[in-house]
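Just below is one structure, and these are the notes that go with it.
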Amino acid sequence: MSTATATRRTGGEADADAPALRRRLTPLRLLLHGFLIAVSLIWLFPIAWAVLTSLRSYEYTAANGYVSFGGWTFDNYVTAWRTAEFGQHFLNSVYITVPAVLLTLFLASCVAFVIARFSWKLNLILLGVFTAANLLPQQALLIPLFRLYTEVPLPEFMSDSELLYDSYWGLILINVAFQCGFCVFVLSNYMKALPRDLYEAAMVDGASVWRQYWQVTMPLCRPALAALATLEVTWIYNEFFWATVLMRTGDKFPVTSSLNNLRGQFFTDNNLVSAGSVLVAIPTLVIFFMLQRHFVRGLTLGASKG
């Protein structure tokens with residue numbers, strides 16, 4: 001049989017199999033697609049409503065109601081930026097979020113490497129201890145942590161109050177403590193899927209444990225680290241509870257807590273608050289779209305493994 005004939009047959013078989021690979025649009029699939037579209041619209045409605053409200057003046061909505069169209073303006077964004085002093089508070093969020101995310105990923109990767117690389121009796125116990133922090137309600141630890149923060153001293157160059165309370169370091173530490181458990185759980189499972197032949201080859205070449213961690217494991221964990229970094233930036237940046245409890249100086253508050261500056265004592269302009277909320281959400285959206293490819297890859301990598 002000639003090569004041309006074989007090629008024609010191969011191409012014909014591929015063309016014949018192509019329609020079979022396409023999934024038919026059955027009533028069940030139509031129902032599933034309709035359900036997913038409905039859920040997506042319900043999920044996006046609060047965001048769209050906040051954006052719509054932020055672009056309208058309070059005077060117009062007070063006179064015509066929120067279920068109306070008109071009164072378009074960008075003044076709410078300008079007023080929100082100036083009133084809440086978002087410039088300074090965005091920097092405060094950077095001071096807290098960047099070190100907290102880097103420290104969380106580094107410590108979690110170290111623990112995950114030990115759990116995945118070495119087999120010893122306390123592996124599951126160690127993993128359970130780090131994961132248990134995610135199971136505790138934060139409000140249950142409020143009083144002991146508040147008393148601890150008001151008793152632990154810090155040098156003056158690290159904290160104006162000379163205490164762990166009312167300092168960036170306090171918020172960084174509390175975020176690292178609560179986020180490490182989830183990262184250890186994800187990274188340990190990811191590292192266990194790496195071929196052990198790589199470590200055996202590294203040991204033959206004389207690589208120490210540190211080199212196995214830093215030069216062999218960490219480069220292979222980039223997708224997982226990128227996915228976790230995206231999640232951690234979002235969670236730590238949006239954290240509101242601990243910043244409100246463990247800080248007292250208004251100039252040190254992160255940007256999410258500064259939204260309180262847009263609320264009046266007797267009156268709250270919801271249009272202004274919506275504009276401020278949209279401004280606060282922009283950095284997380286930018287980071288997500290920048291790391292979207294790595295985020296999806298980190299979540300789906302290994303899903304097809306047997």
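Computation of the quantities below employed the complete heavy-atom set of this structure, encompassing side-chain atoms and omitting hydrogens, waters and symmetry-equivalent molecules.
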Point to revise | Chi angles and distances behind the side chain to side chain contact (heavy atoms under 4.5 Å, CB included) call for F35, L31 | key: CA-CA 6 Å; F35 172 75; L31 181 62; 5.7 Å; no
By the side chain to side chain donor-acceptor pair (under 3.5 Å) test, which pairs, at least two apart or in different chains, include something from residues 249-258?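 Matches after skipping sequence neighbours: D166-T249.
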Main-chain N/O of [Y] paired to [X] side chain as donor or acceptor, under 3.5 Å:
X	Y	result
T217	Q212	yes
R211	A202	no
Y165	R147	no
S188	F185	yes

Hey, is [atom1] on [X] packed in by over 12 heavy atoms from elsewhere, all under 6.0 Å?
X	atom1	value
M158	CE	yes
F118	CZ	yes
Y168	OH	yes
I143	CD1	no
W72	CH2	yes

- Would you indicate whether the side-chain heavy atoms of L105 and L228 approach each other to under 4.5 Å?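 Side chain of L228 against side chain of L105, heavy atoms only: contact under 4.5 Å found.
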Original post:
Would you call F178 and L141 a side-chain contact if the rule is heavy atoms closer than 4.5 Å?
Top reply: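 In contact.
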Test side chain to side chain contact (heavy atoms under 4.5 Å, CB included) on Y149 and I174; report intermediate values, then the result. CA-CA 10 Å; Y149 270 54; I174 196 67; 3.5 Å; yes
Item to complete: Say whether N76 and Y58, considering side chains only, have a donor N or O and an acceptor N or O under 3.5 Å apart.
Response: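 N76 vs Y58: no donor-acceptor pair found between side chains.
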Discussion item. Just by distance, no angles: are the side chains of Y213 and S109 close enough, under 3.5 Å, to form a donor-acceptor pair?
Written reply: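 The answer is yes; a qualifying pair exists.
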Next on the checklist: Parallel, tilted or perpendicular: which one describes the rings of Y237 and F90, with boundaries at 30° and 60°?
Outcome noted: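 Rings of Y237 and F90: parallel, under 30°.
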Run the side chain to side chain contact (heavy atoms under 4.5 Å, CB included) test on T234 and F288 for me, step by step, so that the C-alpha distance in whole Å, both residues' side-chain angles and the decisive distance to 0.1 Å come before the verdict.
CA-CA 8 Å; T234 303; F288 174 79; 5.8 Å; no
